[in-house]
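Contents: one structure, followed by commentary.
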Amino acid sequence: MTTTFNETQLSKRRLLLGATAGVATSVFPAWRRALAADQYGLIVIGGGTAGMPAAIFAAERGTRVLVIDKAPILGGTLDRSNGQIAAAGTVFQDAKGIKDTPDAHYADNMRINRNTADPVLTRLFVDNAGDSVNWLAKNGYRVMDDHPTTGGGHEPFSQPRYMWGAEEGVSIFKAMEPLLLKGVEAGRIDVLTSTGAADLIQDSTGAVLGVMTENDEGKLQDHFGQNVLISSGGFAANPRMFQDMHGVPLTRDIAYPYSQGQGILLGQSAGGYVRGQDKFATLFGGLLIDNNYPSPFEAYFSGNPERRPPREIYVNVHGDRFVREDYPGLDYREQALGRQPGLRMWIIADHEMMTTSKPFVGGWTVDQMMEGFETHSMFFKADSIDALGVKAGVNPQRLRQSVDQFNEAIDSGAPDPFGRVHRPSKIAKGPFYAVTMTGWTVVSSAGLTVDGRLRVMRPDGTPVHNLYAAGEVLGAGVTSGKAFTNGSLVTPAITFGRLLGQKLLDFRV
Ligand SMILES: Cc1cc2nc3c(=O)[nH]c(=O)nc-3n(C[C@H](O)[C@H](O)[C@H](O)COP(=O)(O)OP(=O)(O)OC[C@H]3O[C@@H](n4cnc5c(N)ncnc54)[C@H](O)[C@@H]3O)c2cc1C
């Protein structure tokens, strides 16, 4: 390889390696330069949802690409993502005669997330999402027969533009994988798996010149590139970082295990900064196996009042109700739960409700529910409301007050204190029951700050030269806002990766 870099101009940091990787130096020794691999047009850190299209399009333009992935396989979160995507102007809409525009998509997104997403990046996403989906379609991607649709649980779009394939995220991976392999066969894409980016190589001006990697055997290697893309995903598998960034616990164990936030640390170490810590949004509760966060899921919570009008009340750890339980909008209920300590709520019912209603634990029978009160650590049963509060870890006096207020309003015909409409019966006759439900998420919402060309930015508003970021490393909040906006993570990840490889990056081929 050829390089004109003077070793004394290069700075190295060791933020991401453990103590065992003690060979690192603060300069760039000659032996490492000799071992450094080729000069690439693009080095992609993380060959997942955003990294794969970036590599594919860059290689199609004739440059050489190196894809580094800490996991033993490529694809990242697509192995488990629902792969629900959204775009205007797709072949799938055309086939059904649906007229749609990026403007309408933009307006819907900002309405759904209450203008909490980044307007510049949302615009970049919606203006180019149709081309991304059409590219996938050209390469064999298909959506379900009844798609596109307006929604799937969260606030709906005004137009049918929401869709996913039969194998969810894997359907997207299967469309991209052959294209990436084509680049490998053509000698344009090199792939290093089980290899993590450990450091960014910068010159004395801070411009990024390459990446130092470390493989699973601890071997360090330097790689030089004209452009470096951080597409290593978020930190939704890193409980400590999640708590630090968002101030709430990471409750559910569901994200891709390599979503450790290392790309964010890399970007920060090169001069970038993080935004979006306040954009955390929770999903509306689920039954965890236990309180050892992050915990696997036991079952979903059937909290949608349109499918199952609730008879129970929901309280927080203080014993206070905090939401109108039958409010039709999921986003409103999610936001309310997101404000409760520990993202926890307790579903409170009496014996009649518990034994005669459709269970609120998704897919469970009444018998399973009743067994849960004998066996499950998140289920509680007592003969009085006060005893129930003590057992469940909820303030007993306030819980009793909440139940009394709910009952008294029904008795007197007064409006419910939270405006609830559906309240066919009181919480009247024991035994009484509580089940802990916990808010959860699949993504992390904060991430590296970039400009409209996806360049990693410094706090002073200047870019870190040659360094780009795409995907969840930007923080889910930039395109989804403080909400779950339909398809607003996978679609922009693919789109931003594609745009970088196809046109935003310059290569001196
Ligand atoms: C269960 C689940 C369901 C979801 N459903 C949807 C949905 O329906 N719609 C939607 O829009 N979003 C959804 N999401 C979110 C969405 O899938 C992700 O935000 C998106 O796939 C992330 O793409 P990415 O390219 O940023 O990261 P990934 O696809 O995770 O790729 C990152 C890659 O970087 C690698 N990596 C990590 N650290 C390093 C390192 N130091 N060096 C080298 N490589 C590294 C990882 O191994 C990985 O391969 C879901 C997420 C989950 C977990």
Taking [X] for its side chain and [Y] for its backbone only, find out whether a donor-acceptor pair lies under 3.5 Å.
X	Y	answer
Arg344	Thr436	no
Thr195	Thr193	yes
Thr491	Ile85	no
Arg458	Tyr273	no
Ser295	Asn291	no
Ser81	Thr77	no
Arg114	Lys482	yes
Asp69	Gly47	yes
Asn486	Glu155	yes
Gln202	Gly206	yes

Could you tell me if [Y] and [X] have a donor-acceptor pair between their side chains, going purely by distance under 3.5 Å?
X	Y	result
Thr205	Asp203	yes
Asp100	Gln93	yes
Ser158	Asp108	yes

Side chains of [X] and [Y]: closer than 4.5 Å at any heavy-atom pair?
X	Y	answer
Asn109	Ser488	yes
Asn466	Val228	no
Asn227	Phe507	yes
Gln159	Thr101	no
Gln260	Lys70	no
Met176	Trp135	yes
Phe125	His105	yes
Met245	Phe280	no

Begin with the C-alpha distance, continue with both residues' side-chain angles, and end with the deciding distance and a verdict on side-chain contact (heavy atoms from CB on, under 4.5 Å) for Thr282 and Thr441. CA-CA 6 Å; Thr282 186; Thr441 184; 5.8 Å; no
Option from His223, Gln221, Lys219 for which side chain to side chain donor-acceptor pair (under 3.5 Å) with Thr213 holds: His223
Greater than 12 external heavy atoms within 6.0 Å of His465's NE2: no
Inspect the surroundings of NZ in Lys138 and state if more than 12 heavy atoms from other residues, nucleotides or ligands are less than 6.0 Å away. no
If you look at every heavy atom in [X] and [Y], which pair is closest and at what distance?
X	Y	result
Ile230	Val473	O-CG1, 3.3 Å
Thr63	Ala58	CG2-O, 3.3 Å
Val44	Ser231	CG1-OG, 3.4 Å
Pro148	Phe92	CD-O, 3.7 Å
Ala446	Val274	CB-CG1, 4.0 Å
Ser444	Phe235	OG-N, 2.8 Å

Once you round to the nearest 0.5 Å, how far does OG of Ser480 lie from CG of Asp118? 12.5 Å
Assess whether side-chain contact (heavy atoms from CB on, under 4.5 Å) is satisfied between Val126 and Thr479, documenting all intermediate values. CA-CA 10 Å; Val126 298; Thr479 43; over 6 Å; no
Do the numbers put Arg123 on top of the ring of Tyr106, so that NZ or CZ is under 6.0 Å from the six-membered ring centre and no more than 45° off the axis? yes
Below 30° counts as parallel, above 60° as perpendicular, anything between as tilted: where do the rings of Phe242 and His246 land? perpendicular
In terms of the angle between their ring planes, are His154 and Phe484 parallel, tilted or perpendicular, with boundaries placed at 30° and 60°? tilted
Exactly one of Arg275, Glu472, Lys279 should register a side-chain contact (heavy atoms from CB on, under 4.5 Å) with Val478. Which one does? Arg275
Chi angles and distances behind the side-chain contact (heavy atoms from CB on, under 4.5 Å) call for Val490, Trp164: CA-CA 11 Å; Val490 168; Trp164 52 95; over 6 Å; no
